[in-house]
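In what follows, a structure is listed as structure tokens, so that the remarks can point back to it.
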There are 2 protein chains.
Amino acid sequence: MLTEPAYRIGSAAHLFPRADRRDLPLGPRSPTNSIELLGSAVSFVRNAEIYAEREPADYLYKVLSGTVRTYRALMDGRRQVGAFYLPGDIFGLESGEEHVFSAEAVVDSTVMVVDRGIVTSLAACDRDVARQLWALMGRELERTQDRLLLLIKTAHERVASFLLEMADRLPSNDEVELAMSRQDIADYLGLTIETVSRMLTQLENASAIALPTSKRIVLRDREVLKRLIA
Amino acid sequence: MLTEPAYRIGSAAHLFPRADRRDLPLGPRSPTNSIELLGSAVSFVRNAEIYAEREPADYLYKVLSGTVRTYRALMDGRRQVGAFYLPGDIFGLESGEEHVFSAEAVVDSTVMVVDRGIVTSLAACDRDVARQLWALMGRELERTQDRLLLLIKTAHERVASFLLEMADRLPSNDEVELAMSRQDIADYLGLTIETVSRMLTQLENASAIALPTSKRIVLRDREVLKRLIA
DNA sequence: CGCCAGGTTGAAGAGAATCAAGTGATGTGG
DNA sequence: CCACATCACTTGATTCTCTTCAACCTGGCG
């Protein structure tokens with residue numbers, strides 16, 4: 001399915017993850033985001049691997065800048081992107097000991113890395129941290145469940161849903177700068193790049209959106225999009 | 001999409017859920033399944049609604065006998081079955097205050113109903129209960145993630161995966177009695193009943209399975225099935 | 001300038017959905 | 001106990017959506 005896995009070469013990240021780490025001071029922690037203050041910032045270049053499927057899940061990650069994708073691959077090359085994580089999002093949380101997905105930087109990204117053991121032992125005594133972890137897992141579950149519903153829809157509906165989701169999650173209103181490639185989007189939506197491309201042009205022709213550049217998308221008519229998502 | 005929603009009529013369950021409740025003694029609880037000893041058993045007839053989407057999630061449920069399906073419906077009738085729960089399985093756990101899915105009995109079923117508040121307050125002091133809840137949520141997440149991967153596969157692969165999953169989860173080895181209808185399976189796999197039926201006959205013709213009756217399925221050649229799931 | 005990855009577009013094909021008919025089980029009432 | 005109705009499942013023919021294969025743009029960059 002993926003004829004050229006060239007974009008998957010970035011895994012050299014393993015060789016330098018701690019290179020540019022800046023250890024952060026452990027100041028007094030606020031109750032709402034105590035989790036994030038225990039780690040160090042690490043940078044990853046575009047397509048660099050942050051962790052791989054079946055690796056021990058020893059860390060939690062929070063996106064500081066850039067975008068991260070998680071994915072699973074079938075042996076024949078088909079790939080399912082599990083989620084895109086934007087600045088502020090936390091990822092890498094697992095109930096088991098190993099990562100179920102792989103994680104890669106979509107573009108050059110900076111990520112806060114937090115030791116999992118520290119967080120869990122903190123959660124053991126601090127009610128509030130425990131609640132945060134619970135909420136985090138819950139949000140992850142809900143998002144995955146939403147994707148289930150998305151994957152039974154038509155190509156039109158999936159692409160429209162994707163655009164609205166991204167518009168919601170990105171700061172901008174009505175104009176979004178997508179970090180990910182068409183291949184990423186396709187693998188997220190369970191479609192091919194050609195289909196994604198076609199749906200976008202059709203939406204543009206219906207003047208529901210505008211495409212100043214291939215990655216920049218202007219939502220012209222949210223109502224049309226919403227009507228499309230079924 | 002579903003021309004006749006006739007099979008959705010069973011929601012009369014609301015009228016009698018507590019009718020045949022048998023309160024259970026709260027004996028000394030074992031650490032491994034303490035959650036389940038705080039509830040009462042309730043029976044639901046085939047297709048009866050156990051709870052509906054957006055209802056407050058005040059209870060946890062454990063299947064004692066029968067089978068339960070959770071699902072979400074799109075306004076145009078399309079339905080996505082979230083999961084099937086078999087005897088021993090726990091369902092209804094939500095991170096938020098409301099159910100995201102609806103739940104119905106696939107066949108006449110008995111379910112243990114546990115007050116959510118009791119469980120969570122128990123979890124607050126009992127480390128072990130908290131860990132159980134965490135594991136439960138984690139398992140739910142992993143299952144949902146597995147479904148994501150399933151929904152990008154072909155019809156053959158989905159049906160083969162489904163059969164292997166059910167064979168794993170049901171007591172029997174190599175012979176499974178499916179409680180759910182073709183429509184349920186189709187809505188679980190994101191296919192139509194016709195496609196499910198066709199894939200089953202094809203598997204039968206390939207002598208990977210046998211179908212003594214429409215609900216009873218014998219796994220003749222697991223290897224063929226495994227090769228199919230990609 | 002020209003290369004090349006990423007993106008778009010077109011034509012042909014495959015796979016699943018839809019539409020439609022038939023078969024088989026189950027249950028009900030006479 | 002059988003005739004009939006109903007429901008669930010299967011099978012066939014056709015349609016349609018999305019994929020596949022292929023060519024062609026486009027924009028960034030050495």
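Side chains are part of it too, since the values below use all heavy atoms of this structure and drop only hydrogens, waters and symmetry mates.
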Subject >> B/V196 side chain reached by B/I193 side chain, heavy atoms, under 4.5 Å >> reply: no

Subject >> Gap between atoms CG and P, on B/N205 and D/dT10 respectively (whole Å) >> reply: 12 Å

Subject >> Separation of atom CE in B/M199 from atom P in D/dT11, rounded to whole Å >> reply: 12 Å

**OP:** Check whether any side-chain N or O of A/T201 sits under 4.0 Å from OP1 or OP2 of C/dT8, and answer yes or no.
**Re:** no

Original post:
Looking at OG1 of B/T154 and CD1 of B/I229, how far apart are the two atoms once the value is rounded to the nearest 0.5 Å?
Top reply: 11.0 Å

Original post:
Roughly how many Å is it from CG in A/L200 to C1' in C/dT8, rounded to a whole number?
Top reply: 11 Å

Original post:
How many Å lie between CZ on A/R78 and P on D/dC18, as a whole number?
Top reply: 18 Å

**OP:** State which of D/dT20, D/dC9, D/dA13 makes the closest approach to the side chain of B/S197.
**Re:** D/dC9

**OP:** Let me know the distance between CZ of B/R198 and C1' of D/dA8, rounded to the nearest Å.
**Re:** 15 Å

Subject >> Side-chain ion pair, B/D187 and B/R78, N-O less than 4.0 Å >> reply: no

Original post:
Does A/R46 place a side-chain N or O at less than 4.0 Å from the phosphate oxygens OP1/OP2 of C/dG6?
Top reply: yes

Subject >> Test side-chain contact (heavy atoms from CB on, under 4.5 Å) applied to B/V68 and B/V107, B/V111, B/V106, the passing residue >> reply: B/V111

**OP:** With DNA chain D as reference, determine whether A/E194 or A/T154 sits nearer its 5' end, using the nearest nucleotide of each.
**Re:** A/T154

Subject >> Length of the CG-P vector between B/N47 and D/dC7, whole Å >> reply: 12 Å

Original post:
OP1, OP2 of D/dC9 versus side-chain N and O of B/K215: anything below 4.0 Å?
Top reply: yes

Subject >> Length of the line joining A/Q202:CD and D/dT17:P, which is rounded to integer Å >> reply: 10 Å

Subject >> Residue-phosphate contact under 4.0 Å: A/T195 side-chain N/O, D/dT19 OP1/OP2 >> reply: yes

Original post:
So, for B/R158 and B/K153, which heavy atoms are closest and what is the spacing to 0.1 Å?
Top reply: NE-O, 2.8 Å

Original post:
So, is B/S214 near the phosphate of D/dA8, with a side-chain N or O under 4.0 Å from OP1 or OP2?
Top reply: no

**OP:** With heavy atoms under 4.0 Å as the rule, sort A/I193 into base, sugar-phosphate or nothing.
**Re:** nothing

Original post:
Do any side-chain nitrogens or oxygens of B/R182 fall under 4.0 Å of OP1 or OP2 in D/dT10?
Top reply: yes

**OP:** Check whether any side-chain N or O of A/S181 sits under 4.0 Å from OP1 or OP2 of C/dG6, and answer yes or no.
**Re:** no

Original post:
In whole angstroms, how far is the P atom of C/dA17 from the NZ atom of A/K153?
Top reply: 17 Å

